[in-house]
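Below, chain A is the first sequence line, B the second, and so on; all start at residue 1.
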Amino acid sequence: MSSQTAEPFDVERVREEFPILDREVGDGQRLAYLDNAATSQTPDRVIDAMSDYYRGTNANVHRGIHHLSQEASIAYEEAHDRLAEFVGASGGREEMIFTKNTTEGLNLVAYAWGLNELGEGDEVVLTEMEHHSSLVTWQQIAKRTDADVRYIEIDDEGRLDMDHARDVIGPDTEMVSVTHVSNTLGTINPIGDLADLAHEHDSYIFADGAQAVPHQSVDVEALDVDFYAFSGHKMCGPTGIGGLYGRKAILEAMEPFMYGGGMVRKVEFEETTWADLPWKYEAGTPLIAEGIALAEAADYLKEIGLDRIDRHERGLVEYALDRLQEFDDIEIYGPPAGERAGLVSFNLDGVHAHDLASIMNDHGVAIRPGDHCTQPLHDVLGTAASARASFYLYNTKDEVDVLVDAIDDARQLFG
Amino acid sequence: MSSQTAEPFDVERVREEFPILDREVGDGQRLAYLDNAATSQTPDRVIDAMSDYYRGTNANVHRGIHHLSQEASIAYEEAHDRLAEFVGASGGREEMIFTKNTTEGLNLVAYAWGLNELGEGDEVVLTEMEHHSSLVTWQQIAKRTDADVRYIEIDDEGRLDMDHARDVIGPDTEMVSVTHVSNTLGTINPIGDLADLAHEHDSYIFADGAQAVPHQSVDVEALDVDFYAFSGHKMCGPTGIGGLYGRKAILEAMEPFMYGGGMVRKVEFEETTWADLPWKYEAGTPLIAEGIALAEAADYLKEIGLDRIDRHERGLVEYALDRLQEFDDIEIYGPPAGERAGLVSFNLDGVHAHDLASIMNDHGVAIRPGDHCTQPLHDVLGTAASARASFYLYNTKDEVDVLVDAIDDARQLFG
Amino acid sequence: MSMGSDMYRQQILDHYKNPRNYGDLDDPTFSHVGENPMCGDEIKVDVLLEDDGETIEYAAFSGEGCAISQASASMLTDELQGMTLDELDDLDRDDVIDLLGVDISPMRVKCAVLVEMVAQDGAAIHQGEKTSIEKTTTE
Amino acid sequence: MSMGSDMYRQQILDHYKNPRNYGDLDDPTFSHVGENPMCGDEIKVDVLLEDDGETIEYAAFSGEGCAISQASASMLTDELQGMTLDELDDLDRDDVIDLLGVDISPMRVKCAVLVEMVAQDGAAIHQGEKTSIEKTTTE
Ligand SMILES: Cc1ncc(COP(=O)(O)O)c(C=O)c1O
Ligand SMILES: Cc1ncc(COP(=O)(O)O)c(C=O)c1O
């Protein structure tokens, strides 16, 4: 770790890059944006990368000869290399497909691989803490192929039960699809161990990195996963873009997902051959401005330092846990501090999470109430909804204090 | 037609909204951007709509309680209503799905409807002038379902042979998927007549409006189509967004395409129910900034007036045809002026289209060489590639003159 | 547009904490359930009609959910007493919001109107104007 | 970075209009084809080796495509004469671009290097270093 990354960073300077954080909401309350697991805010330089693209370069890519198209093509194609490097994929652009979000990454593999390869007797292994984008996708593709879905259980503190994982992953397992970091519990799953288990049984492993890539340094090759997906809008990038890493050999062998311009080599009325990686998986005019801006976001995070971001967030979540644990009318879900990523879901006795969020909003505090797209996990937790505060590089301890004050206000109102 | 739309508009004033048009390329050549069928340029107000969103509103949508999320949700949801109205869909948001591009709209229907409903003996009817996004998609889905694909032929001037259409569309036809305006020939197809033919045989009709929506007033209900798709990046909007219109009753009955957050109602480990329209078809965090900016682009075009844009482009293409027809070493593809939309594809004897495009680029002229994602059509035309100049509201006759001068330069060089 | 401030006035909280007409009727003329998936609110409405088959004698609700949906159910069931089914059918979302007497932020309107939708659907099914559905939903 | 100006210098145009070594060899030691889908360029290269099985006696090409791919094929087949297969294998894209003597715009590099790739693949297949493929492609 370099000395630069060992130092904490200056949060106030970081905040200057995010003009939205100065916004007032409601009756002049200062915004405390604690909904980063849903979507992150966007620094000026990423917004500018997009505006500059539209004002100076905008053109369709890949096959254009004219000046703008050459510039746009090079920038768009290089953005793939930059994202590949960002998550440790040594294959470069050939291993990095741009999708519109994590969800599309999961659907791409579920359709292109799952629908063609799964069959009766095959098993897809998920966890109880999967996000709907993984859970529903595999559930439905399994239904259509007569495959079975099995769920690795969690323990009382929201960790994966690895004994159960060893029971569940077996010779019939064809795919293990598991979230790297839980967006509800904050649990950081042992992806490397799960990859070993999967590979012992000749199964693929797909890790959902939506909550990991924005917050910690990720190396898909060290994790030894076969597929890895993430979203731009959670990592200081724009909406409408995400990345899907896939091992080159698998991507080469796999059928395409969507069909259209850009993903073909030779088209005849009766048959078609496919373009090279990664374009084979990017049908139609791609997410050009979004891809270029996503690469800018990755550079931004790299310059700040993922290790420093991670440390900053852990500091905040520890502080938040400390403060919330002062009260015995607050139930907290997930593992203890030290083991969890920078988010905390909880409930205040006698106050529905949606009411709590409304009252928070009156204080300028933006949190998320609901099931966080993990309804089955909430069934396991025994609650229909929870309130979630999730942190990012620009959040402060002061904001945690405002959060705790707002909870106190709700307690008074409903008491 | 109102008096406002009867007047031509001031092209110089229009151009002021597009800063990129002042760009110099190469050795100080002024850009003449004639590649609008590939992608259009983006006016300041659309770029600003996006930047403003990121600087002031950015949040995840649908289920948020906090202030930003409420604002973002309302803006994103209303954008659907605005696009529905823009193409004449009286059902509002329930009939307007946001996709990442036209290609995804086609794949959505091909997967969600075609893969489930097509079978041996069924026929999908396309035309010889289909774009790869329609041709390859239906070809591959038909292959997987043992259905057949049939192609309506074109006549010598690039019009659909409607006698052949009546032959080909029959009792086994389940889907007629046809481009509204050809991106290679400029042909404007009689969608209404084809819809009647399709419906007589209880077939659906899908019109690909990628080259129509940006350039003329479209009314999906007057056309009587079942599905209609278009792309934002060709209509002054951003990359990464498109619209898919579908009749409400069909969209209600159809299975979803991609699975994930936002498109579900109730999720359990073993089964899932779907959200209401249109969200059932929008899995994962949607294209929020893009959708809001697309609505801004639609407003912009409406304010300028689609009829006036159409008239302006027809003036340009007539002028271009006049000038190109002066030379007998230029072969022009597609119907005569008066019958065609604002683009022209051609070849100069003895000069490969890619060489021609490179020489044009030296003059600052941006055109597109190649197969324009219609390889099979090019086979029918008997050429591997063509050069295409395509116009939009900000183009001028001067730019056509620069184009003709550049062709002359190529003629000299290669002569 | 107010964005939610002031939603939790005393009256709302009072109805939430001490809901009126909470529970099941022994012998309802009709009964219907509904849910608001956003908040996970679930509400059952029981209605007893007078002998004219038109006038509501008594309405009760049960279920659970956020303060807005519970207070709204408490207030509306109060209001329904003596109303005819036609009058119930004429109610719209603004009437319910007026009844609550506070600004409901846009994202919470579904919570507020759930009880009204359930009561109306129940009545329509009872009168044969709507085919029976298992559950009303706000989404 | 130059974006394509000056690509069509006299020498390029001359090779395009009057290609050297154009046609088929009667009895090539090996022969291979390739395409550049972007421009639709298709090129076949025939190579005749000397008795040492190492040195290129003569190379010819046929096919059609844009001026860049054709001129490149014409120039490279000239250059190949007397080269060994090892030397051919050592060529990289910069060597071909140097040979052309003009700046090749980034999007046209594939046109320029097609002939080199075809010749190299043909040689590698002939020497058993590469499994036989039907067609080389630049994409
Ligand atoms: C007629 C037609 N259909 C479909 C498309 C595909 O649009 P997109 O690449 O935005 O999906 C295009 C544009 O390339 C087109 O011209
Ligand atoms: C763990 C996890 N997986 C997947 C997703 C889906 O991401 P997106 O909505 O960007 O597709 C999310 C975010 O909502 C998430 O937190």
For each of A:Lys234, A:His372, A:Glu128, tally heavy-atom pairs with chain B at distances under 4.5 Å, and name the one with the top tally.
A:Glu128
Winner by heavy-atom pair count (cut-off under 4.5 Å) against chain B, out of A:Thr42, A:Asn101, A:Val267
A:Val267
Taking heavy atoms only and a threshold strictly under 4.5 Å, list by residue number the residues of residues 105-112 of chain B that touch chain A; give 'none' if the list is empty.
B:Asn107, B:Tyr111
Side chain, backbone, both or neither: which part of B:Asp148 has an atom under 4.5 Å from a heavy atom of chain A?
neither
If you tally heavy-atom pairs under 4.5 Å against chain B, which of A:Ile288, A:Leu21, A:Thr239 wins?
A:Thr239
Just so I understand: if I count every heavy-atom pair under 4.5 Å between each of B:Thr272, B:Thr57, B:Val25 and chain A, which residue has the most?
B:Thr272
Which atoms of B:Val380 come close to chain A, meaning under 4.5 Å heavy atom to heavy atom: side chain ones, backbone ones, both, or neither?
side chain
Using heavy-atom distances under 4.5 Å, tell me whether B:Phe269 contacts chain A through its side chain, its backbone, both, or neither.
both
Of all of A:Gly364, A:Ala142, A:Gly242, A:Pro238, which one pairs up most often with chain B through heavy atoms under 4.5 Å apart?
A:Pro238
Check: A:Thr39 side chain, B:Ala59 main-chain N or O, donor-acceptor pair, under 3.5 Å
no
For a 4.5 angstrom cut-off between non-hydrogen side-chain atoms, does A:Val136 reach B:Trp274?
yes
Interface moiety of A:Val61 toward chain B, non-hydrogen atoms closer than 4.5 Å
backbone
Got a second to check how far A:Gln140's CD is from B:Glu271's CD, nearest 0.5 Å?
9.0 Å
Can you tell which of B:Ser40, B:Ser231, B:Ala283 has the highest number of heavy-atom pairs within less than 4.5 Å of chain A?
B:Ala283
Heavy-atom pair count under 4.5 Å with chain A, highest-scoring of B:Met360, B:Met263, B:Lys266
B:Lys266
Heavy-atom proximity to chain B below 4.5 Å, by part of A:Asp22
neither
Most chain B-contacting option - heavy-atom pairs closer than 4.5 Å, from A:Leu287, A:Thr285, A:Leu135
A:Thr285
Calculate, to the nearest 0.5 Å, the distance between atoms CG and NE2 belonging to B:Asn60 and A:His233 respectively.
6.0 Å
Donor-acceptor under 3.5 Å (A:Lys100 side chain, B:Ile241 main chain)
no
If I measure from the heavy atoms of chain A, does B:Lys143 come under 4.5 Å with its side chain, its backbone, both, or neither?
side chain
A:Thr102, part contacting chain B, at a heavy-atom distance under 4.5 Å
neither
Closest-packed option against chain B by number of heavy-atom pairs under 4.5 Å, given A:Ala289, A:Cys373, A:Ser51, A:Gly56
A:Gly56
Does this structure show an ion pair linking B:Asp371 with A:Arg265, if we count only N-O contacts that are shorter than 4.0 Å?
no
Could you walk me through whether B:Glu290 and A:Glu290 satisfy the side chain to side chain contact (heavy atoms under 4.5 Å, CB included) test, starting with their C-alpha distance in whole Å, then the side-chain angles of each, then the deciding distance to 0.1 Å, before giving a yes or no?
CA-CA 10 Å; B:Glu290 290 86 347; A:Glu290 290 87 347; 2.6 Å; yes
Counting only heavy atoms closer than 4.5 Å, note whether B:Val149 contacts chain A via side chain, backbone, both or neither.
neither
Using every non-hydrogen atom in the two residues, find where B:Tyr259 and A:Ile141 come nearest and quote the distance to one decimal.
CE1-CD1, 4.3 Å
Can you say whether A:Met50 sits under 4.5 Å from chain B via the side chain, the backbone, both, or neither, judging by heavy atoms?
side chain
Could you check whether any side-chain heavy atom of A:Ile20 comes within less than 4.5 Å of a side-chain heavy atom of B:Leu68, counting everything from C-beta outward?
yes
Just by modelled atom types, is the A:Glu268 backbone N or O under 3.5 Å from a matching donor or acceptor in the B:Gln139 side chain?
yes
Residue B:Glu130 versus chain A: region with a heavy atom under 4.5 Å
neither
So, do A:His66 and B:Tyr33 sit near enough that their side-chain heavy atoms are less than 4.5 Å apart?
yes
Let's test your reading of the structure: which of B:Pro376, B:Gly284, B:Gly261, B:Gly240 forms the most heavy-atom pairs below 4.5 Å with chain A?
B:Pro376
Between A:Pro43 and chain B, which part of the residue has a heavy atom less than 4.5 Å away: side chain, backbone, both or neither?
neither
Salt bridge or not for A:Arg23 and B:Asp52, using N-O below 4.0 Å?
no
Between A:Tyr54 and chain B, which part of the residue has a heavy atom less than 4.5 Å away: side chain, backbone, both or neither?
both
Quick one: are A:Asn116 and B:Arg144 in side-chain contact, heavy atoms under 4.5 Å?
yes
Okay, A:Arg368 and chain B: the region with an atom under 4.5 Å from a heavy atom over there is side chain
Which atoms form the tightest heavy-atom contact between A:Asn361 and B:Ile65, and what is the distance?
ND2-O, 4.1 Å
B:Asn58, part contacting chain A, at a heavy-atom distance under 4.5 Å
both
